Amino acid sequence: MRIKEVFTKSSGVLIIAELSANHKGSLDLAFKTIRAMKRAGADAVKVQTYTPDTLTMNSRNRHFRIKGGTLWDGRTLYDLYKEAMTPWDWHPKLKKCAEENGLEFFSSPFDPTAVSFLSKLGVPAYKIASFEITDLPLIKLTASKGRPVLISTGIASAAEIADAVAACRAAGNRSVALLKCTSAYPAPVSEANLLTMGDMASRFRCRVGVSDHTGGLSVPAAAAALGARIVEKHFILDRSLGGPDAAFSMEPDEFSVMARAAREACEARGKVSYTLSAKTRKNRAFARSLFVVKGVRKGETATPENVRSIRPGFGLAPKFLPAVLGRKFNRSVKAGTPLQKRFLSA
């Protein structure tokens with residue numbers, strides 16, 4: 001599936017593999033990871049476009065030290081982002097690698113210079129990260145580039161989501177998707193609150209999806225079953241490589257199972273229908289129906305001993321049993337014969 005098809009097709013789920021910091025500062029590892037993403041079933045690869053200086057400032061005072069029970073407690077924001085960044089001069093090479101492998105390549109910009117850079121690179125979409133959802137000037141600038149905008153909602157109130165969507169529409173961009181996200185790393189499944197997706201879809205008139213930081217595949221599969229058009233997960237070749245995002249990233253085999261489960265869940269949603277398929281209609285032969293289970297002669301009465309509801313389904317429907325009992329047979333009938341109305345006197 002392609003990114004634009006999220007907005008033009010009525011079904012299907014886009015599977016995004018997030019590279020984030022899992023390149024470990026090695027361009028060769030990044031290439032290997034992108035090729036593995038394709039084999040694992042991804043449709044697109046996403047990176048993040050920032051430098052430590054475009055995202056924060058180099059300060060060690062308490063405001064810039066990470067705390068609160070995260071994986072990165074004690075580090076400064078600047079040091080973390082310096083380790084995790086994807087060098088900008090890699091972007092054209094990563095895009096080429098992705099496209100050669102049949103993947104779309106796009107990114108999250110974190111400041112106006114990143115928006116300009118990615119626009120010149122020709123990315124097919126932009127992602128607004130959860131912690132940037134309140135930066136309305138950045139969102140409006142990004143949306144003005146005329147490409148789809150995917151917005152993670154991890155830290156946002158309903159009012160802030162409304163403001164972000166409005167900023168996109170004010171820029172003339174209607175291709176907006178909201179991703180339900182729990183901004184905890186890793187995130188507890190119990191905090192996924194996936195039913196919020198349906199409310200977002202109706203409240204904000206947007207496509208919806210999930211940006212998931214749990215450790216397994218349950219949340220993506222459930223999200224797809226509930227109508228997610230996008231599933232985003234962090235991807236790593238091997239968690240033993242370590243790094244800032246390793247703990248909540250999926251290895252190739254896990255990602256492959258997740259992608260298949262999400263697609264199957266999306267397909268299983270189908271449509272509201274009470275029409276039986278040809279195969280189901282054929283299998284109705286195994287349903288219960290009324291049979292003559294003990295041979296009867298003409299003039300005998302239908303009783304629970306000679307007429308019963310059993311499988312298969314070639315006789316009268318079981319609902320007719322009360323009306324059948326007590327009536328006379330107008331002919332002799334062998335045991336094992338499906339009961340028909342014409343066997344009984346009026």
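Everything quoted here is computed from the prediction, not taken from an experiment.
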Within a strict 4.5 Å, meaning less than it, do heavy atoms of the [X] and [Y] side chains meet?
{"X": "I230", "Y": "R207", "answer": "no"}
{"X": "P92", "Y": "L121", "answer": "yes"}
{"X": "F343", "Y": "V296", "answer": "no"}
{"X": "M200", "Y": "C206", "answer": "no"}
{"X": "F235", "Y": "P252", "answer": "yes"}
{"X": "V13", "Y": "R229", "answer": "no"}
{"X": "F255", "Y": "I15", "answer": "yes"}
{"X": "F291", "Y": "V307", "answer": "no"}

Angle class for the Y50/F110 ring planes (parallel below 30°, perpendicular above 60°, tilted otherwise)?
perpendicular

Quick one: list whatever passes side chain to side chain donor-acceptor pair (under 3.5 Å) with K328, sequence neighbours left out.
T301

By side chain to side chain donor-acceptor pair (under 3.5 Å) - contacts of K180 (at least two apart):
none

For the pair R60 and R65, evaluate side-chain contact (heavy atoms from CB on, under 4.5 Å) and give the outcome as yes or no after the intermediate values.
CA-CA 7 Å; R60 307 192 72 80; R65 252 180 217 288; 3.5 Å; yes

L55/E132 under side-chain contact (heavy atoms from CB on, under 4.5 Å): CA gap, chis, key distance, verdict:
CA-CA 10 Å; L55 202 49; E132 274 57 50; 4.1 Å; yes

Working to the nearest 0.5 Å, report the span between [atom1] of [X] and [atom2] of [Y].
{"X": "N306", "Y": "E300", "atom1": "CG", "atom2": "CD", "value": "6.5 Å"}
{"X": "N22", "Y": "I236", "atom1": "CG", "atom2": "CD1", "value": "4.0 Å"}
{"X": "L27", "Y": "C97", "atom1": "CG", "atom2": "SG", "value": "8.5 Å"}
{"X": "F248", "Y": "H213", "atom1": "CZ", "atom2": "NE2", "value": "6.0 Å"}
{"X": "R147", "Y": "K4", "atom1": "CZ", "atom2": "NZ", "value": "10.0 Å"}
{"X": "L179", "Y": "I128", "atom1": "CG", "atom2": "CD1", "value": "11.0 Å"}

Of I16, L178, V176, the one forming a side chain to side chain contact (heavy atoms under 4.5 Å, CB included) with L150 is I16

Per the side chain to side chain contact (heavy atoms under 4.5 Å, CB included) rule, which among T33, V45, I34 passes with L94?
I34

Is it true that [X] and [Y] fall in one hydrophobic cluster, defined by side-chain heavy atoms closer than 4.5 Å?
{"X": "F314", "Y": "L290", "value": "no"}
{"X": "Y81", "Y": "V47", "value": "yes"}
{"X": "L141", "Y": "F106", "value": "no"}

Should [X] and [Y] count as an ion pair when the cut-off is N to O under 4.0 Å?
{"X": "R263", "Y": "E267", "value": "no"}
{"X": "E254", "Y": "K233", "value": "no"}
{"X": "R75", "Y": "E83", "value": "yes"}

Say whether D53 and T51, considering side chains only, have a donor N or O and an acceptor N or O under 3.5 Å apart.
no

For S26 and D28, which I'm curious about, is there any donor-acceptor pair between the side chains at under 3.5 Å?
no

For [X], I'd like to know if atom [atom1] has over 12 heavy atoms of other residues, nucleotides or ligands within 6.0 Å.
{"X": "R331", "atom1": "CZ", "result": "yes"}
{"X": "K67", "atom1": "NZ", "result": "yes"}
{"X": "R308", "atom1": "CZ", "result": "no"}
{"X": "R284", "atom1": "CZ", "result": "no"}

Shortest non-hydrogen contact from [X] toward [Y]:
{"X": "F7", "Y": "S175", "value": "CE2-C, 3.5 Å"}
{"X": "A158", "Y": "R203", "value": "CB-NH1, 3.4 Å"}
{"X": "S107", "Y": "H91", "value": "OG-NE2, 4.4 Å"}
{"X": "R327", "Y": "A346", "value": "NH2-CA, 3.9 Å"}
{"X": "V231", "Y": "P220", "value": "CG1-CB, 3.7 Å"}
{"X": "A84", "Y": "P244", "value": "CB-CG, 4.4 Å"}

Side-chain donor or acceptor of [X] paired with backbone N/O of [Y] under 3.5 Å:
{"X": "S202", "Y": "G198", "value": "yes"}
{"X": "D43", "Y": "I3", "value": "no"}
{"X": "S273", "Y": "T275", "value": "yes"}
{"X": "E251", "Y": "D253", "value": "no"}
{"X": "T153", "Y": "A156", "value": "no"}
{"X": "T303", "Y": "E305", "value": "yes"}
{"X": "E191", "Y": "P188", "value": "no"}
{"X": "S289", "Y": "P312", "value": "yes"}
{"X": "N101", "Y": "L103", "value": "no"}
{"X": "T280", "Y": "L276", "value": "no"}

Worked verdict on T86 versus H23 for side chain to side chain donor-acceptor pair (under 3.5 Å):
CA-CA 8 Å; T86 299; H23 51 69; 3.1 Å; yes

Chi angles and distances behind the side-chain contact (heavy atoms from CB on, under 4.5 Å) call for C168, I139:
CA-CA 7 Å; C168 291; I139 293 173; 3.6 Å; yes

Is there a side-chain contact (heavy atoms from CB on, under 4.5 Å) between L241 and L29 once you walk through the steps?
CA-CA 11 Å; L241 290 168; L29 179 59; 4.2 Å; yes

